[in-house]
Amino acid sequence: MIETLISGITYSSLLSLMALGITLLYRTTKVPNFAHASFVVFGIYTSYTLALLGYNPYLGTLLGFIVSGIIALILFYALLEPLRRRKSSIFILMMATLTYDILMFGIINIYADYLQTTFKIPARNVYLAPQDFTLIGLKGVTIVSTSLLIVLLMLLYILLNRTIIGAALRAVMENPSLAQANGINVSLMLALSWFLAGGLAGVAGALLPMYMMTDPSTGMLLIAPMFCASILGGLEQIYGAPLGGFILGLATTVLVSWLSGVIGYWIMTYSLMVPYITLIVTLIFIPRGVVSIILKR
Amino acid sequence: MPILYTKKIFSGYGDLRVLFNINFSAEDKKITVVVGPNGAGKTTLLNTITGVATIHSGEVVFKNRRLNGMPPYSIARMGIAYVPQMGNIFSNLTVEENLRLSGYFLSENELLDRLEYVYSMFPVLKEFRSRRAGTLSGGERRMLAIGLGLMRKPEVMLLDEVTTDLAPKIVKKVLETVVRLRDEAKLTIVLVEQHAARALQIGDKAYLLVSGSIRYEGDPQELLRHPEFSKLYLGIS
């Protein structure tokens, strides 16, 4: 049971990092970003490539942040910003993120195929857990993912609440046209939010192969839980994302594991349904997320 | 010599055209009042100046510099402060955060100077400096919105319907503030108002805008007696 709980905490931390970016982008650009799946996968292949080259795959968290951040910036400047300037609807912007995601999915597949055919390595099944370290009985990925989540949350808090750039970012979240009228370069602030969100997804992606078997379609598999965690937490508050991430992450792992003991092992097969059920329940009963209940108090 | 003017402006939003052949000018350190019925294009005129609307032809000039094509944030930094009618404060930030944000590209010393200046102009804002701006009353919000504009030490201030939805007593106070902005802060003011009469009383020059075109330009007092004005505002034909 303790093992399941620890595994659940690791998964929840990774999910929180991914959901954080989705909420951030929703707050700034108002777009549900489907390309988040690709941002995560670029993180996966960054740490995998580092491991192939003989480096510590944990370096992938730093490099993955930069790589996925840049992938997000390209999406913003190549597609979203021109569309935004033309006053395209949120629906169009959302479709643009989906299109970009499919494009990036293709690119990652090409890269995996290239590695596989050229170097004869199983680049379509990325699993780095055997290379992970252990410390006081805990897996490296558990220690790194939870501590990175805490550190990154603190840095994000400081950035948003203690710096003038953060205040400008919050202003853009609240009222972009007024922010503009007050001399704030809205486009630059949005770009910053895309870089940060992409980066956070990249960090989570870089850690994923240490936790589970991954491949180019892992992002697509995780996009539903990411959105679910983000909505469950509450899209109106950035810090709702880790809250949603932990509730959903623990429900998917610990709750399902406990249920399998009570009802039977067959229930494990349906663990993938947890995000969807949670999403439906959230949208019906607490559409503004768990954080809205806490804030009301 | 006007500090700000538009020349043969045709503008709107995307392909939609709202303004037709507008020759508008705001004299230095004077109050220029723009009145007109709902939908006349008054806000679009301000949006054209601030770079938000699309200019189809013509030009906007501020201190001999063409503003066409410049992004709104650059125009804001050049010394044109815009106080929009709606959503003119950041409700979730505190009063002081609002003000600091507006002056975010000033140096720390300049910022503190401007803060003191705005607080001296509106002591009530100093009193409520730590309060969330969303909790302020209607009148206080207008003060804060004007304060936001003042933070950047502007030369021109564009005020869009700054007295709308306020109690008569507060309207008087806000208009007195506008006069102070001209006389004490030496600002050039463009005051856009749907409720014309009281705004015209403090104006130095007035425009009547109807259906995207200028129908009158000149003395505000005379506009009050202009047949078109009476027709539009009093229903006398």
Side-chain angles (χ1 to χ4, degrees), chain A residues 23-24 26-28 30 76-77 80-89 92 157-193 234-240 288-289 291-292 294-296, chain B residues 13-16 43 46-47 49-54 70-94 96-108 111 132-134 141 144-145 147-154 157-160:
Chain A
T23 309
L24 179 66
Y26 187 80
R27 299 279 294 119
T28 56
K30 313 278 180 268
F76 176 72
Y77 278 119
L80 300 177
E81 185 58 2
L83 286 170
R84 198 181 67 89
R85 279 178 198 276
R86 271 185 245 163
K87 310 237 181 300
S88 299
S89 68
I92 299 283
Y157 180 82
I158 293 168
L159 172 77
L160 285 176
N161 297 290
R162 297 279 178 271
T163 69
I164 197 68
I165 289 178
L169 206 54
R170 282 192 295 149
V172 170
M173 286 179 197
E174 189 181 325
N175 189 338
S177 56
L178 181 62
Q180 194 166 250
N182 278 292
I184 294 167
N185 186 340
V186 172
S187 172
L188 193 67
M189 287 300 129
L190 293 180
L192 173 69
S193 73
L235 286 169
E236 283 163 45
Q237 240 297 332
I238 281 189
Y239 309 107
R288 292 175 65 210
V291 86
S292 68
I294 298 170
L295 288 180
K296 237 182 245 169
Chain B
Y13 304 97
D15 292 334
L16 177 75
T43 299
L46 299 186
N47 281 340
I49 295 168
T50 53
V52 175
T54 318
M70 283 176 67
Y73 69 89
S74 302
I75 294 174
R77 291 181 191 189
M78 282 176 69
I80 298 182
Y82 177 29
V83 180
Q85 182 187 359
M86 305 285 284
N88 46 24
I89 55 166
F90 300 103
S91 323
N92 287 324
L93 307 186
T94 64
E96 182 144 326
E97 275 179 324
N98 265 275
L99 293 170
R100 282 182 167 269
L101 193 63
S102 188
Y104 94 119
F105 49 84
L106 300 175
S107 70
E108 188 61 24
L111 188 80
R132 220 166 54 83
R141 279 170 188 239
L144 178 58
L148 286 184
L150 281 176
M151 281 302 290
R152 291 187 304 278
K153 210 173 185 178
M157 188 171 269
L158 313 176
L159 300 168
D160 193 2

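Just so we're on the same page: letters track the sequence lines, and every chain starts at 1.
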Can you pull out the residues in residues 174-185 of chain A with any heavy atom less than 4.5 Å from chain B?
->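 The stretch touches chain B at A:Glu174, A:Asn175, A:Leu178, A:Ala179, A:Gln180, A:Ala181, A:Asn182, A:Gly183, A:Ile184, A:Asn185.
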
Answer yes or no: are there more than 12 heavy-atom neighbours, outside A:Arg288 itself, under 6.0 Å from its atom CZ?
->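 It does not: A:Arg288 CZ has 12 such atoms or fewer within range.
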
Could you tell me whether B:Leu16 atom CG has more than 12 heavy atoms of other residues or ligands within 6.0 Å of it?
->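 More than 12 heavy atoms, drawn from other residues, nucleotides or ligands, come within 6.0 Å of this atom.
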
Once you round to the nearest 0.5 Å, how far does CE of A:Met173 lie from CZ of B:Phe90?
->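 Going from CE on A:Met173 over to CZ on B:Phe90, the span is 12.5 Å.
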
So do the side chains of B:Leu93 and A:Arg170 get within less than 4.5 Å of each other, counting heavy atoms only?
->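 They are in side-chain contact.
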
Non-hydrogen atoms of chain A under 4.5 Å away: do they reach the side chain of [X], the backbone, both or neither?
X	result
B:Ser91	both
B:Pro71	neither
B:Thr50	neither

Side chain to side chain contact (heavy atoms under 4.5 Å, CB included) partners of A:Ile92, counting only residues at least two apart = A:Leu83, A:Ser88, A:Ser89

